[in-house]
Structure formats: structure tokens, C-alpha cells
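Proteins come first, then strands; the chains are lettered A, B, ... in the order of their sequence lines, and each starts at number 1. None of these values were measured; they are calculated from a predicted model.
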Amino acid sequence: MNLLEELKNRFRPALATLTDAPEAFVEMVRPSGDVRHGDYQANCAMPLGGQLKQPPRQVAEAIVQALDVNDMCHEPEIAGPGFINLRLKDEWLQEQTARLVSDERLGVEPVAEPQTVVVDFSAPNVAKPMHVGHLRSTVIGAALVRMLRFAGHKVISDNHIGDWGTQFGMIIYGWNNFRDEEVYERDPVGELARLYRLVNQLCDYHAATTEQPSVEERLNEAERLLEEAKDQDPPEDKSAAKRHKKELKKLQSRVEELTARLDSLNKQKSQIEQDEILHPLAEAHPDIVRLSREETAKLHAGDETNLALWQRFLPECLAALQKVYDQLGTEFDLSLGESHYQPMLASTVADLEEKGLAVESDGAMCVFLEGNEAPFIVRKRDGAFTYATTDLATIRYRVEELKADRILYVVDARQGEHFRLLFGTAARWGFTDLDLQHISFGTVLGPDNRPFKTRAGDTVGLESLLEEAVRRARKIVNENDDSRTDEAGQPAPEMDETTRADVARVVGIGGIKYADLHHNRESDYVFSWDKMLARTGDTATYIQYSYARSSGIFRQCEVDPQSLRDNPGKGVILSTPEERALALELLQFPEQLAAALADYRPNVLTACLFSLANTFSSFYEKCHVRREEDIDLRTSRLLLCDLTARVLATGLDLLGIRTVSQM
RNA sequence: GCCCCCGUAGCUCAGUUGGAUAGAGCAUCGGUCUUCUAAACCGAGGGUCGCAGGUUCGAAUCCUGCCGGGGGUGCCA
């Protein structure tokens, strides 16, 4: 049972006696923010009073009069300006908690109207190694897939891999000019990555060389304007003076921006120029930018040689990606990359054109949407299609072939405009019943509050990041287990090598995922090793530890959880505030999951799991299980331990995080 | 130029879409192990919610303006 929904269902008829539109007021029933105000509160009497032009407290009285919650709650209290405070009866809580014991879904009812939901996430480019930027999409996406599926939807996870873009032209160019076949035979992906990096570096060098003069020119101009503005006397008029100051600041920041840009170009250039190997290569390949692009174009045009190379390289690249997914424990139902949609692009543009949506502008085919200055370019001047085209073709495919009712795109926030245009175009294209959502997220920052990079300025590879997490976790596991002592104070480690390695993996990978998920996805967040693997605080470890402690109780008491569930004795008895608080939180799991899903926010779920683990820890200290002599109370506490363990493990599993019974 | 996002405790972040005295974690300080796992528990201090107006019974939340920071922006994805 969803407790909050149940209360709302009780309020609905009561409110209907006072207003024709009760729904908005029903939504004002919520868990209390403060235990002193009971377990739940209804805040609808004040606004309803305003609408009815009656004193709010009088309205609250009327609502309470019409309300039937006698079986669940104590007499509702009216407080302050008209808050209705509800306190659940212990007997009712006991009964409901006991019901969970035999409920595999822990009280979560499947959604009334299941949909087919496509979740598009991760989407790395092949050839470029996955980096920290892919972490959020992959972790958040995988969590949403599991949560939606558990809620009862038909979910199709799809990895929309970038396997058809410009990076392949670079690799082909690199292969044709710089390959080392011997190395390729040994380590194909390593060699391809090297080729990509090399060509990319050389391209950047030439691009920098081309760009430099114009930046210099713009910088000189900006500096000149700034000097001019500085020489002017500030105007007497107050608002004009303000405008003058603002103008100065803007010019100043423009100069700074261009200076920084120029510095970085110069740095890029000199890095190559001082390199004895790279510089001659750069000199020998002056047209590398254009030629790589041509290799891409040839591939797209069906050139046999390039197509054969693509077919040869792709499986190797996919295998490398799979390694990271294996490490993360992430699975996809489909991995339909961009190349899959290649045959559908021409007809997509033709259809848009036919329907009058796409028009020619500056030689390109564009869709212009009202309220948007930027065009949505579906075919470039040179005839090539863009990712806008691919995304549109993908929508059509997902609706027609996969029967999608809803599509979620777990993609970083900077692409917000692209998705606005995409969704707008799709709607005008005729996909009006389709629910399209950009599940956007912020950037992972380094300790300097800039996007997370290595000291050398490279993006951080995901594979090494995960390895590092496991390595650090292993160190903590070792320290922790090595410091254990027996009753005589002698060292008494409990884990063998295999167990330690397994725990380190679960804790390390879990820590990295949890650190990501527990932030609001919309915010940027600062990446910190120390925090994600901390022995204290709001971490995966803390929740995993609560689970392990519960398992420990069953080991110590020599009780099998399943046989306990089959023979729950007199059920759940709430004899202390700790037990009551624990039972209430267990019963709130369904509403928390629903809340997390309503806005696609895994952090709602992490918060509820952390809170539950916290409440369990207090219970653990205060309500000893094994030493409890009253057999009924002991059984009740075992039931609470088992339920807590199941909710924690289920919740973490929905987030893609594993648990261990001992750590 | 236009568009989007952010500013909450020393630090990192929540804040259930307008609710009661703004919350966590870390850090700091003080307590708790002859142990159902101390990777824990209990307690304390710490705030002009960037600033100024407005909307109303009530604003961190909505509106306007300002200050500060980030991002996107016609042919990369």
C-alpha cells in the first residue's frame, strides 16, 4: 500500500463535500516535516478557506468532520492557522508492517497503466574511450530503467552509441597513415585509441593554427575598445554612468576571454611544435582536417574500403565499451547506434520536406520553430545529415517498431536546446501522443570547480576511475578487517582474499554510483574520492553496512530469514519509539519510490534509503534483538530487521548498487 | 545580441513544486564498545537562504530589478 495515496484517497471525498475541484487540495496532504506535528499533515484548509471566504480553522473543522480515517489515525488535530495533523495508530502500523513480511514487492503496487518506456542513456562514442562525462548518464539512466521496471512499466533500455560520426573518419585517416599492425594484432582498441588521439591532436593543431590570427585580431580590437572606453570620462548622469560601468566590465571580460582562448591555442601549438615526433607529422599532414572529414563522407557514401574498415573496427570498439559496462554491472536491451538509422535518414528529411516542415536556408535543410531563433538543421549544405536527423529518425523507429509511449533521454543539460527543438519538431511531425523527456543532468566538477580533468588537462578515463575506486575500497576493507580483534584483544580478521576482493568491488563501484545519484541530477557536483568512500556519512557504504549488520543478526541468532517470514509468530510489535519510527519508514518506501519516479529523481530514493539506514542504526543500538528475552518481541524485531534489509537491498538494487552480507 | 541554469552553515549538498522554529553529511567540540560488526550511536555549536522590492494568512521556493558565477547559441555530437 502507498500510505500517502491511501490518505489522499480518504481526503478526496471529504474535500469533495466542500469544493467541486478537490484534486489540487488533495495534493496538499504530505508527510510531516516535523515529528511534533504527527506523521502526516494536510495543508489544504488555508487556501480552501480563502477560496470559500471562510475562516481556515472552520474549514479544517469541516474537513475533519467529513474525513474517515478512524481505522488508521488518532483523532486529527487542527493546529496553527488550520493545519490538520494526523498521527497513525500503532495498531494500524503493526498490522500494515506485518503485511509486508509476505509481500515480495514490499508494498509497491504495480502502476495502473503500464507504458512502454524507452530509456536512451550512456551513448558513448566508439573509438573515444569512455570518460567521466559518461558516468552520470550511465548511472542515472540505469537507475531509472530499474526503477521504472519495478514500478511496472515495460522498459526498453537503449544505448544510442555514436558509431557513425566524424571520429571514424579520423580513425580511418590514422589507419591509412600511421597504423602499427603489429600493435593492432595484440591490442586493437589500444591502437585505435592511439590513432584517434594522434589524428585528433594533429587536427587540433592545424585548427589552432588557423584560428589563432583571427583570435589575435579580435583580441586587439577588444583591447582597443576597452582602452577607448577607459579613457572616456564617466558620465554625470547616474544611470548612464551605470551603463558605462557595465559596458567596461563586459569589455574587460571579453578581453579576458579572448586572452585565455589565445593562451590555450598557443599552448596547444607549442606543445606540438616542441614535440620531436608530432611536429614533423603535423607538418607532413597539413590537410588532415579536411582529409579526415572526407574519409567520414566516403564512409557515409558507402565507399567499400572504408566500410570494410568500419566493419572491422566496430566489434573491437564495442567489446571495449562492454568491459566498462561489465565493471559497472550495466545492461542494455538494445544497442542501436547511429549507424542503425543511416538508411532512414533520407526518407526522414524527405518526409519533413513534404509536410512543409523543413525548408531550405543557406543551402541547408532546416526546421524553424516558433520562438526559437536557431534552426534545427536536418541536412547540411554539403548534403550530410546531422544528429538532428538521426534523432528524428530514431523517434519514428521507436514509436513504430518499439511501440514507445514515452522516451527518456538521459543527456547532459548543455543539450537542452537541442531537445527543445527535437521535441518541438517531433510534435509538429505528428508524434503528439508521445511523451518525450529530456532527463538532463549537471557536470561533474573537479576540486577546482571546473569540469573534472586530470592534472595534465585530459578528461578522466572511466575505466581507470572505476579501477581506482575499487583499489581505494580494497584498502579500506583491508584496514577495517585487519583491525578486528577477538574478546582477548587479539587480531581476528573475518574475511579471506576472495571475500575482501568482492566486498571491495561492491563498495567501490557502489560508492561511485551513489555519489552520483545522491545529488540532485540537475546540479553540477564536485567529485571527491574521500567523500564517496568515506567510512562515515551519507554514502553507499553506510547503507550497505546497515544491510550487513542486519544479516549479522540473523547469523548470530541462527535464524533463517525465509523460515521467519513463513512463521512470523505474533507479528510486529512496536514497543519503543525506535521500532515505531522504523516501521513507519518501511511503510513509506512505496510513496518514496513514486516520488522519485514522478520527477525522475534518484536522489529522492537515496535520501529515503539513507534515512531508513539511519533509523535502523538507532534501532540497532536501542533495541537489542539477540538479548531480548520476550520471544514475541524478539521475533518482531527480527521481522523488522528482515524488512529493513529487504527494503535497503531492493532500494539499492533499483539504483544499480549491490550489497554484501558481511563487510 | 538572444536563450538556459545556478547563488542555502567553514566545506559538499538536500529542500517533497507556497507551509509551522530552513535540513543532512563532512569538518569542529563533548560523550558512548568485557561488541547481535564502533564502516556505528547520542549530544552541542554553527544561517541576512546573493541583494532590494513585490504577490499573500504564509516565500529559500512565485513575479520584477540589480549583483555574482556557469553554460548554450547556423551547418560537431
Side-chain angles (χ1 to χ4, degrees), chain A residues 4 27-28 30-34 36-37 41 43 46-47 49-50 56 79-83 85 123 125 162 165-167 242 338 361-366 371-377 379-382 384 386-388 390-391 411-418 420 440 442-443 449-450 476-477 479-480 484-485 487-489 494 507 518-520 522-526 528 530-531 533-539 541-542 544-546 548-557 591-592 595-596 598-599 601 603-604 606-607 610-611 614 617-618 620-622 624-628 637 641 662-663:
Chain A
L4 180 59
E27 287 309 309
M28 294 176 191
R30 60 188 52 180
S32 291
D34 189 323
R36 281 167 303 187
H37 302 132
Q41 60 179 221
N43 304 330
M46 288 83 80
F83 295 106
N85 292 335
N125 275 316
T166 47
Q167 80 278 15
K242 217 166 146 189
E338 290 173 337
S361 168
D362 283 348
M365 288 304 294
C366 304
N372 288 283
E373 242 175 89
F376 199 51
I377 297 174
R379 196 178 62 215
K380 298 193 283 184
R381 194 168 31 203
D382 65 8
T386 69
Y387 75 130
T390 314
D391 280 355
V411 180
D412 101 84
R414 284 174 297 203
Q415 294 193 41
E417 191 170 20
H418 167 71
R420 258 209 327 279
S440 77
T443 311
N449 272 323
R450 307 286 311 160
I476 294 170
V477 170
E479 280 170 19
N480 193 59
R484 276 197 239 270
T485 52
E487 278 158 30
E494 293 172 1
V507 168
H518 103 282
H519 292 95
N520 185 326
E522 307 255 27
S523 354
D524 298 344
Y525 78 93
V526 177
S528 158
D530 294 339
K531 270 180 205 150
L533 294 173
R535 294 154 183 271
T536 58
D538 185 1
T539 59
T541 315
Y542 179 82
Q544 288 164 329
Y545 179 64
S546 291
R549 279 176 129 188
S550 172
S551 304
I553 292 178
F554 282 88
R555 273 197 305 276
Q556 284 283 332
C557 296
E591 70 193 47
Q592 293 287 344
D599 292 321
R601 289 191 315 188
N603 69 310
V604 171
T606 63
F610 177 61
S611 174
N614 229 320
S617 289
S618 301
Y620 185 93
E621 298 287 327
K622 197 77 183 292
H624 210 280
V625 180
R626 190 166 51 84
R627 276 205 303 263
E628 179 54 54
R637 287 179 178 170
C641 287
Q662 190 185 5
M663 59 189 278

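- Between Thr166(A) and rA77(B) there is no side-chain N or O to OP1 or OP2 distance below 4.0 Å.
- Counting heavy atoms from C-beta outward, Leu533(A) and Thr539(A) have side chains that stay 4.5 Å or more apart.
- Distances shown here put every side-chain N or O of Arg535(A) at or beyond 4.0 Å from the OP1 or OP2 atom of rU37(B).
- Here the side chains of Ser617(A) and Tyr545(A) are not in contact, with every heavy-atom distance at 4.5 Å or above.
- Applying the 3.5 Å distance criterion, the base of rG25(B) shares no donor-acceptor pair with the side chain of Thr539(A).
- Across all strands, Ser551(A) comes closer than 4.0 Å to no nucleic acid atom at all (heavy-atom distances).
- Take Arg626(A) and apply the side-chain hydrogen bond (donor to acceptor under 3.5 Å, both in side chains) test, not counting sequence neighbours, and it matches no residue.
- In this structure, Ser546(A) reaches neither bases nor backbone, as no heavy-atom distance under 4.0 Å exists between it and the strands shown.
- Contacts of Ser617(A) with the nucleic acid, taken as non-hydrogen atoms under 4.0 Å apart, involve only primed sugar atoms and P, OP1 or OP2.
- Contacts of His37(A) classified as side-chain contact (heavy atoms from CB on, under 4.5 Å), with partners at least two apart in sequence or in another chain: Ser32(A), Asp34(A), Gln41(A), Asn85(A).
- The side chain of Thr386(A) contributes no N or O atom lying less than 4.0 Å from OP1 or OP2 of rC75(B).
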* Take nucleotides 7-21 of chain B nucleotide by nucleotide from the 5' end and write B, S or -, depending on whether a protein heavy atom sits under 4.0 Å from the base, only from the sugar-phosphate, or from neither. => -----SSSS-B-BBB

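- The salt bridge (charged side-chain N to carboxylate O under 4.0 Å, His left out) search around Arg450(A) returns none, not counting sequence neighbours.
- Within 4.0 Å of Ala364(A), counting heavy atoms only, lies at least one base atom of the nucleic acid.
- Remark: Arg637(A) pairs with Glu579(A), Glu628(A) by the salt bridge (charged side-chain N to carboxylate O under 4.0 Å, His left out) rule, at least two apart or across chains.
- Under the side-chain contact (heavy atoms from CB on, under 4.5 Å) criterion, Gln662(A) pairs with Glu494(A), Arg555(A), sequence neighbours left out.
- Among the atoms of the strands shown, none is found under 4.0 Å from any heavy atom of Ala598(A).
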Polar-atom pairs under 3.5 Å, protein N or O versus N or O of nucleotides 1-4 of chain B: list them with distances, or write none.
| from | atom 1 | to | atom 2 | distance (Å) |
| --- | --- | --- | --- | --- |
| rG1(B) | OP1 | Lys250(A) | NZ | 3.1 |
| rG1(B) | OP2 | Lys250(A) | NZ | 3.3 |
| rC2(B) | O2' | Glu373(A) | OE2 | 3.4 |

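- When the side-chain contact (heavy atoms from CB on, under 4.5 Å) test is applied to Tyr387(A), the partners found at least two apart in sequence or on another chain are Asp391(A), Gln415(A), His418(A).
- Annotation: rC11(B) and rG19(B) have their P atoms spaced 27 Å apart (nearest Å).
- Nearer the 5' end of RNA chain B, as judged by each residue's closest nucleotide, is the contact made by Asn480(A), out of Asn480(A) and Asp362(A).
- Residues forming a side-chain contact (heavy atoms from CB on, under 4.5 Å) with Ser440(A) (at least two apart in sequence, or on another chain): Ala413(A), His438(A), Arg521(A), Glu522(A).
- With hydrogens and angles left out, the side chain of Tyr545(A) and the base of rA39(B) share no donor-acceptor pair within 3.5 Å.
- Nucleic acid contact class of Phe610(A) (heavy atoms, under 4.0 Å, all strands): sugar-phosphate only.
- Using a 4.0 Å heavy-atom criterion, one finds that Cys366(A) contacts the bases of the nucleic acid, with or without backbone contacts as well.
- Partners of Lys622(A) by salt bridge (charged side-chain N to carboxylate O under 4.0 Å, His left out), not counting sequence neighbours, listed by chain and number: Glu578(A).
- With a 3.5 Å limit on both pairing distances and Watson-Crick or G-U wobble geometry required, the stems of 3 or more pairs in RNA chain B span B:1-7 with B:67-73, B:10-13 with B:23-26, B:28-32 with B:40-44, B:50-54 with B:62-66.
- Atom CG of Asn614(A) is separated from atom P of rA40(B) by 10 Å (rounded to the nearest Å).
- Residues Val526(A) and Lys531(A) have side chains not in contact (no heavy-atom distance under 4.5 Å, counting atoms from C-beta outward).
- For the pair Tyr387(A) and Lys622(A), nearest-nucleotide mapping onto RNA chain B gives the more 5' position to Lys622(A).
- For the pair Tyr542(A) and rC41(B), the criterion of a side-chain N or O lying under 4.0 Å from OP1 or OP2 is met.
- Every residue meeting the salt bridge (charged side-chain N to carboxylate O under 4.0 Å, His left out) condition with Glu621(A), not counting sequence neighbours, appears here in chain and number order: Arg549(A).
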